[in-house]
Amino acid sequence: MIWNFIQNQILGMHWLNSLIGSLLSAGGLDTTSRIGGSVQFFLYDTIKITILLCVLIFVISYIQSYFPPERSKKILGRFHGIGANCIAALLGTVTPFCSCSSIPLFIGFTSAGLPVGVTFSFLISSPMVDLGSLVLLMSIFGAKVAVIYVVAGLVIAVLGGTLIEKLGMEKYVEDFIKNASAVDIDSPSLTQRERLIYAREQTWQTFKKVFPYILIGVGIGAVIHNWIPQAWVETILGSKNPFSVILATVVGVPMYADIFGTIPIAESLLAKGAMIGTVLSFMMAVTTLSLPSMIMLRKAVKAKLLGVFIAICTVGIILVGYLFNMIAPWVVG
């Protein structure tokens, strides 16, 4: 009962949905109609995700203040083999929220001489898995889905980076990255006040960057939730379509958003009958393989390495989607 209260009322903010519905009804809007339901969904999800976004970014930015690039590089340098890939994937959980903002750190780590497989483990996990995604997924899909999603993302990051290392892909990093001189300096110690100021500034900067995508995502979610017939979604993304996971992954690749912008869409698709694995594959593809981030990454690596990276992530995302669909009765129930 306590966990249900935390999940539904604190993380899910069901009380907020009821409050908005009551206020809209008092204002004369029928929330059972398509327009009224869309307005309620839009207001509820926008406010809920914004509150969670600001709280989570503040907490994660505070944690991140202890792991600047120089310190992260030193931590990674102490490990070797698959252990280094595991640490890199875990460090990715306390770094920026989208793939584009992770690539400069990836370039910095590579320039500093870290193994390319280790840096790719970081690059995969950073946009796909973070502490914020764990809490947000819990608020909508429940603890089982959230934990398995995070574990699956870390597995893809570790295995992907390890495979790139085993294939000897270092030679496909652009020369200007390999020859860059990395300045190895100790980060100054920050006081608690400075860490709080840093977290506050990061929260504001990230909010300004992410909020437009939240509005777009919630808007798309509201349309799906109230205007698209359930039969359509079930036919295309439901259990009767064996290619639904592949379709969702392919559709997600050209898009650009982060976990906060994709969750409202995923929530609406799931409510309309899409399979849980199909929905999560869509989320992973959007956050990890967006077209803008691939264009940025192409500046740092040659086409062959970029192709291997895309192939590894795509296959991993599709396998995770089918796995989720197979165990759907357990994780959703």
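Predicted model only: the values in this text are computed from it and were never measured.
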* Structure fact -> Minimal heavy-atom distance between Ile263 and Met283, with the atoms involved, is CG1-CE, 3.7 Å

* Structure fact -> Note: Leu154 and Ser125 closest approach over all heavy atoms is CD2-CB, 4.4 Å

* Asked: Roughly how far apart are Asn226 CG and Ser33 OG, rounded to 0.5 Å?
  -> 8.5 Å

* **Gap separating the CG atom of Leu163 from the CG atom of Asn85, nearest 0.5 angstrom** => 10.5 Å

* **Inter-residue atom distance Leu19.CG - Met13.CE, 0.5 Å rounding** => 12.5 Å

* Asked: Of all heavy-atom pairs between Leu247 and Leu237, which one has the smallest distance, and what is that distance?
  -> CD2-CD2, 4.4 Å

* To do: Determine the minimum heavy-atom distance between Ala157 and Ala89, stating which atoms define it.
  => CB-CB, 3.9 Å

* Quick one: which residue pairs count as a side-chain hydrogen bond (donor to acceptor under 3.5 Å, both in side chains) with a foot in residues 40-51, not counting sequence neighbours? => Asn17-Gln40

* Consider only side-chain N and O atoms of Glu201 and Gln205, and report whether a donor and an acceptor are under 3.5 Å apart. => no

* To do: List the steps, then state whether side chain to side chain contact (heavy atoms under 4.5 Å, CB included) holds for Ile265 with Val286.
  => CA-CA 11 Å; Ile265 302 174; Val286 171; over 6 Å; no

* To do: Could you give me the CA-CA distance, side-chain angles and deciding distance for Arg200 and Ile197, then say whether side chain to side chain contact (heavy atoms under 4.5 Å, CB included) is met?
  => CA-CA 5 Å; Arg200 184 187 66 192; Ile197 292 175; 4.0 Å; yes

* Begin from the C-alpha positions of Thr119 and Val116 and carry the test side chain to side chain contact (heavy atoms under 4.5 Å, CB included) through to its verdict. => CA-CA 5 Å; Thr119 57; Val116 68; 4.2 Å; yes

* To do: To the nearest 0.5 Å, tell me how far Leu305 CG sits from Glu170 CD.
  => 9.0 Å

* Structure fact -> In terms of heavy-atom contacts, Ser65 and Tyr198 come closest through CB-CD2, 3.8 Å

* Structure fact -> Phe309 meets the ring-ring contact (aromatic ring centres under 6.0 Å, His included) criterion, sequence neighbours left out, with Phe120

* Asked: Any side-chain heavy atom of Thr314 within less than 4.5 Å of one from Val250?
  -> no

* Asked: How long is the span from the CG atom in Leu137 to the CD1 atom in Ile148, to the nearest 0.5 Å?
  -> 11.5 Å

* For Ile35, does the CD1 atom have more than 12 heavy-atom neighbours from other residues, nucleotides or ligands under 6.0 Å away? -> no

* For the hydrophobic clusters of this structure (ILVMFWY residues joined by side-chain heavy atoms under 4.5 Å, transitively), does one cluster hold both Ile82 and Phe122? -> no

* **Heavy atoms from other residues, nucleotides or ligands near CH2 of Trp227 exceed 12 (cutoff 6.0 Å)** => yes

* Asked: What pair of heavy atoms forms the shortest contact from Ala84 to Val118, and how long is it?
  -> CB-CG2, 3.6 Å

* Structure fact -> Separation between NZ (Lys304) and CG (Leu306), nearest 0.5 Å, reads 13.5 Å

* Asked: Above 12 or not: heavy atoms from other molecules or residues under 6.0 Å from NZ of Lys208?
  -> yes

* Are the side chain of Thr288 and the backbone N or O of Met284 linked by a donor-acceptor pair below 3.5 Å? -> yes

* Not counting sequence neighbours, list each pair that qualifies as a side-chain hydrogen bond (donor to acceptor under 3.5 Å, both in side chains) and has a residue in residues 22-32. => Asp30-Thr32

* Who pairs with Phe42 by ring-ring contact (aromatic ring centres under 6.0 Å, His included), at least two apart in sequence or on another chain? -> none

* **Co-membership, hydrophobic cluster, residues Leu319 and Ile124, 4.5 Å side-chain** => no

* Asked: Are the side chain of Arg298 and the backbone N or O of Val301 linked by a donor-acceptor pair below 3.5 Å?
  -> yes

* Shared hydrophobic cluster, Val315 / Val151 (ILVMFWY, side-chain heavy atoms < 4.5 Å) -> no

* Applying side-chain contact (heavy atoms from CB on, under 4.5 Å) between Val218 and each of Ile220, Ile214, Leu215, report the one that passes. => Ile214

* **Under 3.5 Å donor-acceptor, Glu174 side chain and Ala300 backbone** => no

Could you pull out every donor-acceptor pair under 3.5 Å between side chains of residues 267-282 and any protein atom, sequence neighbours left out?
| from | atom 1 | to | atom 2 | distance (Å) |
| --- | --- | --- | --- | --- |
| Ser268 | OG | Gly221 | O | 2.7 |
| Ser268 | OG | Pro264 | O | 3.2 |
| Lys272 | NZ | His225 | O | 3.3 |
| Lys272 | NZ | Ile228 | O | 3.0 |
| Thr278 | OG1 | Ser244 | OG | 3.0 |
| Thr278 | OG1 | Asn325 | ND2 | 3.4 |
| Ser281 | OG | Gly277 | O | 3.1 |
| Ser281 | OG | Ile317 | O | 3.1 |
| Ser281 | OG | Gly321 | N | 3.4 |

* Structure fact -> Taken in chain and number order and not counting sequence neighbours, the residues that satisfy ring-ring contact (aromatic ring centres under 6.0 Å, His included) with Phe211 are Phe207

* Linking I/L/V/M/F/W/Y whenever their side-chain heavy atoms sit closer than 4.5 Å, directly or via other members, would Val158 and Leu289 fall into one cluster? -> no

